[in-house]
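Just so it is clear, the values below take in all heavy atoms, side chains as well, and ignore hydrogens, waters and symmetry mates. FYI, the numbering just counts along the sequence from 1. Just so it is clear, the model here is predicted, and its values are computed rather than measured.
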Amino acid sequence: MPDAKIDQKAETKPENGGTKIPPFLVLVAVVLIGAIAWWWHSRPATSENPAQNPPTQEPPTLLALEHTVLRQRDPLIDSGTCHLYVRNISGGEVRIADILVDGQSVTALEQGEKENIPYLRLQHPTVIWATAFPPRVTPQAVSDIRLRLHSRQHMPEKITILPEGGKPLEVDFARDAVDSLRIEDIAFSEDLTTAYIYASNVGEKVLESPRISFDLAGNAPAPVLAWEKLAPQEKKVAIFRFAHPLKRGSCLNVKIQAENTLALASVRVFSLFPVSTWPHGGYAGDTRAELCFDPTPFCVPTKQPGADPEETPPASPAADDDPNQAIYVYRNTTCRDSNLGQALGQGANICWRRVWECYETDPQRACFGHICMYQKLRSCHVYGEVMDFAAYTPFEVTGFPAHGNRRYSGNPLRNTLYARTAVAGAAPGHAILNQFCRLLPQELQISVMAQVGEGVKGVLYSGSKSIAPNTPLGQSLTRINGMLQALKPYLRVGAPCPMQAQTPNQVRAYTILGGERGIVLIVVNERFANRFPESKGWIEHNGETKPASLELTPGAENTGAHLSLEQMIPSALDEKDREFRADPKPRVKVEFLAPPGVELQRCVDVTTGEPEGEVTFSPCADGTKVGLTIKRLTTVKVYLLGPEAILERDQDNDGAPDLVELFALHTHPAVADRFDEETRGKIAAEKKRLTAKPQKEGEAF
């Protein structure tokens with residue numbers, strides 16, 4: 001049916017007598033209603049209309065708190081470091097962007113320069129320096145947030161960690177979070193397949209059945225030596241061997257849990273014990289094989305963006321691929337603090353920046369810096385955790401009048417106080433001794449070996465280039481270095497452990513446990529006298545160092561200045577000016593209790609290379625009782641106790657101490673290449689000449 005045509009012009013009357021609405025009014029009404037609806041739905045959301053608030057997407061939770069602890073090694077001089085261990089619980093890498101302490105950032109640094117010395121100053125009432133170790137955290141790994149405090153009286157209350165792109169992590173730090181279970185040292189074998197974890201119980205309860213774990217994926221370690229309990233004030237070692245070698249320079253987190261006690265520690269993976277020199281004179285270092293130094297310098301100076309040219313000279317071309325070298329990131333940090341007139345520790349901020357710049361550009365090398373003499377004991381705690389290896393200078397026996405504010409006590413064993421403090425301040429990292437060579441031969445022996453006994457992980461000498469091998473001081477330096485080279489496999493994985501050593505009066509014994517490999521015993525004779533003419537040397541007067549022209553007595557008053565023998569600085573280069581003489585002790589008996597896990601069958605006198613005859617090993621429930629009789633103790637004796645084949649000796653059948661052979665045998669393979677036939681012949685001839693000469697009382701060893 002076709003559609004009907006509609007007459008559009010025809011008017012139809014509305015029903016019920018109504019009138020028709022004009023179309024344009026309908027259009028206006030529709031537009032108006034639409035505008036009102038659009039305004040209603042697009043108006044800003046208010047709290048009065050919660051239904052209109054659009055849903056907000058909260059940032060994801062990226063970090064979770066594992067543990068908090070206040071690391072404080074000495075309540076008198078150590079103000080403490082807050083450690084917050086946080087785990088990355090996300091599926092990707094997380095960068096820690098900022099740290100807030102009581103609402104104030106501790107990463108905002110004031111940058112400036114004073115007397116051509118650049119600085120980064122952190123102006124915070126509570127924190128001296130802060131860092132995240134590492135700042136970029138891989139999935140399921142742990143970052144160690146470190147906050148160095150000005151004082152224990154000003155503890156942070158709330159710490160906020162801000163991850164990039166994630167939800168802030170807020171932590172209420174407990175004021176009594178002092179550790180009772182401490183990880184004192186973490187060392188690694190030279191091939192990086194074995195870890196040595198030294199822990200001590202500083203609490204009052206016995207810790208039973210500890211569980212040790214590592215943040216590793218696909219490299220499960222197998223225990224080699226474990227301990228079932230840890231008594232109060234006891235220190236033990238746990239040894240783990242990994243399925244694959246660890247990556248050099250990587251960050252390793254170790255966790256020990258025993259009952260309600262937890263200990264965490266983070267270190268970078270290195271196995272180093274340098275026997276080298278401080279990088280003076282073109283930063284080349286002393287690598288003379290006839291003095292038993294390492295074949296390459298320990299220091300690798302680098303030029304970094306924005307760094308002080310004096311601090312970072314160009315890199316040495318000989319330092320390319322040797323993993324036994326470390327990057328020197330900063331010199332004399334404490335003295336720089338003093339020169340800038342700023343709080344002790346402010347130099348750590350620029351030091352941390354350089355450490356992580358080096359870590360990103362050369363992650364397989366360690367970083368080390370120098371702790372000088374400004375507030376020495378406290379400085380070791382303030383700066384000890386900043387670098388992988390912290391080099392300290394004891395300055396107790398200097399032997400030259402370079403600075404008027406130095407003191408000379410005449411007792412090289414006073415240096416052990418600085419060694420003990422530096423080792424504690426750097427733990428579970430490591431401290432290195434920076435030893436001056438301007439000493440008499442016997443002083444050098446006592447100073448170096450006693451500090452090694454305190455647990456330092458290497459020796460850097462200053463002033464060795466002026467020492468000839470055929471001088472008494474050169475002979476002493478050669479023997480010291482030769483012993484250290486022979487003991488490297490034990491010292492690099494070892495740590496001082498209390499073994500209840502008993503010695504006669506005025507004899508000191510140090511016991512270093514080298515894991516399961518052996519025990520290094522260092523015995524020092526304290527019966528010595530350091531004499532020098534009172535009319536020679538130097539005195540400190542009115543802040544200046546002057547030649548002494550008057551005979552002084554302790555406590556005497558002279559021209560208004562208080563002068564004493566301890567304020568005199570003698571000359572060590574001219575041995576006629578003073579005398580160091582030890583009173584030998586015959587038949588010294590040393591007894592100690594060796595812990596279980598070490599097979600003790602043989603004792604070797606490393607100072608001579610000869611086996612020690614008068615030694616007894618008596619197994620007992622707590623380990624092995626060792627009794628050793630030293631026929632004659634002049635200054636220092638060093639022994640190595642362990643399995644039957646702990647040292648090889650006398651390969652050339654000349655009957656002389658083979659420290660040179662031991663040096664070539666037990667160090668980096670590149671060392672052997674340096675001992676060509678001609679060099680070996682010269683060393684052997686010189687060694688025969690030295691050993692054929694009868695020793696005088698008080699001479700080296």
May I ask you to check whether Y328 and F368 place their ring centers less than 6.0 Å from one another? yes
Starting at CG of L593, measure out to CD of Q500 and round the result to the nearest 0.5 Å. 5.5 Å
Between R354 and V329, is there a donor-acceptor pair closer than 3.5 Å when you use the side chain of the first and the backbone of the second? yes
May I ask you to say whether R71 pairs ionically with E385, meaning some side-chain N is under 4.0 Å from a carboxylate O? yes
State yes or no: are the ring centers of F242 and F214 separated by less than 6.0 Å? yes
Could you give me the CA-CA distance, side-chain angles and deciding distance for L149 and M155, then say whether side chain to side chain contact (heavy atoms under 4.5 Å, CB included) is met? CA-CA 7 Å; L149 303 179; M155 290 280 293; 3.4 Å; yes
Check whether the side chains of Q435 and S447 place a donor and an acceptor atom closer than 3.5 Å, and report yes or no. yes
Results of ring-ring contact (aromatic ring centres under 6.0 Å, His included) for Y383 - residues two or more places apart only: none
For the residue pair I522 and V520, establish whether any side-chain heavy-atom pair is separated by less than 4.5 Å. yes
If we ignore angles and hydrogens, is there a donor and acceptor under 3.5 Å between the side chains of Y85 and R87? no
Describe, in one word, how the ring planes of Y359 and W356 are oriented to each other, choosing from parallel (under 30°), tilted (30 to 60°) and perpendicular (over 60°). perpendicular
Student check: side-chain heavy atoms of I519 and L640 closer than 4.5 Å: no
Specify the closest pair of heavy atoms between A64 and I89, including all atoms of both residues, with the distance to one decimal. CB-CG2, 3.8 Å
So for atom NZ, which belongs to K205, do other residues, nucleotides or ligands contribute more than 12 heavy atoms lying within a distance under 6.0 Å? no
Under the salt bridge (charged side-chain N to carboxylate O under 4.0 Å, His left out) rule, what pairs show up with a residue in residues 88-103, not counting sequence neighbours? R95-E164
Any idea which heavy atoms bring L272 and F389 closest together, and the distance? CD1-CE1, 3.7 Å
Side chain N88, main chain T138, donor-acceptor under 3.5 Å: yes
Run the numbers on L484 and M449 for side chain to side chain contact (heavy atoms under 4.5 Å, CB included), then give the verdict. CA-CA 9 Å; L484 295 178; M449 298 312 299; 4.2 Å; yes
Run the side chain to side chain contact (heavy atoms under 4.5 Å, CB included) check on I161 and I145 step by step: do they pass? CA-CA 9 Å; I161 304 169; I145 310 298; 3.9 Å; yes
Is a side-chain donor-acceptor pair under 3.5 Å present for E599 with Q601? yes
Establish, yes or no, whether the cationic atom of R146 lies under 6.0 Å from the six-membered ring centre of F133 and within 45° of the ring axis. yes
Answer yes or no: does atom CD of E208 have more than 12 heavy-atom neighbours from other residues, nucleotides or ligands under 6.0 Å? yes
Distance check, rounded to the nearest 0.5 Å: T193 atom OG1 versus F188 atom CZ? 11.0 Å
Tightest non-hydrogen contact, residues L521 and T511, listed as CD1-CG2, 3.9 Å
Is a salt bridge present between K255 and E66, judged by a nitrogen-to-oxygen distance below 4.0 Å? yes
Under 3.5 Å, is there a donor-acceptor pair between the side chain of R248 and the main chain of F270? no
Side-chain touch V507/V524, heavy atoms, less than 4.5 angstrom: no
Ring centres under 6.0 angstrom apart (F240, Y196): no
Please report the interatomic distance CG(L262) to CG(L181), rounded to the nearest 0.5 Å. 8.0 Å
Between V254 and I186, is there a side-chain heavy-atom distance shorter than 4.5 Å? yes
Using side-chain heavy atoms (C-beta onward) and a distance below 4.5 Å, is L192 in contact with S271? yes
Here the pair of heavy atoms bringing T416 nearest to A450 is CG2-CB, 3.6 Å
Student check: side-chain heavy atoms of V626 and V615 closer than 4.5 Å: yes
Examine the side chains of R148 and S79 and answer whether a donor and an acceptor come within less than 3.5 Å of each other. yes
Between C380 and T421, is there a side-chain heavy-atom distance shorter than 4.5 Å? yes
Return the minimal non-hydrogen interatomic distance between L433 and P394, and the atom names on each side. CD1-CD, 3.7 Å
Spacing of OG1 belonging to T393 relative to OH belonging to Y418, to within rounding of 0.5 Å: 11.5 Å
Charged N to carboxylate O below 4.0 Å: is that the case for R378 and D78? no
Tell me whether K457 contacts the main-chain N or O of A187 through its side chain, where contact means a donor paired with an acceptor under 3.5 Å. no
May I ask you to decide whether K235 forms a salt bridge with D185, counting only side-chain N to carboxylate O separations under 4.0 Å? no
Look at the side chain of E234 and the backbone N and O of A231, then say whether any donor-acceptor pair between them is shorter than 3.5 Å. yes
Could you walk me through whether E184 and R73 satisfy the side chain to side chain contact (heavy atoms under 4.5 Å, CB included) test, starting with their C-alpha distance in whole Å, then the side-chain angles of each, then the deciding distance to 0.1 Å, before giving a yes or no? CA-CA 10 Å; E184 302 284 6; R73 292 296 189 259; 4.1 Å; yes
For a 4.5 angstrom cut-off between non-hydrogen side-chain atoms, does L147 reach T131? no
Looking at OG of S266 and CG of N253, how far apart are the two atoms once the value is rounded to the nearest 0.5 Å? 3.5 Å
Would you say that more than 12 heavy atoms from the other residues, nucleotides or ligands in this model lie under 6.0 Å from the CD of Q233, or not? yes
Given the options T61, L63, V86, P163 meets side-chain contact (heavy atoms from CB on, under 4.5 Å) only with L63
With R268, which residues qualify under side chain to side chain donor-acceptor pair (under 3.5 Å), at least two apart? D388
Measuring from Y639:OH to K637:NZ, what's the distance to the nearest 0.5 Å? 4.5 Å
How close do G165 and P60 get, counting heavy atoms only, and between which atoms? O-CD, 3.5 Å
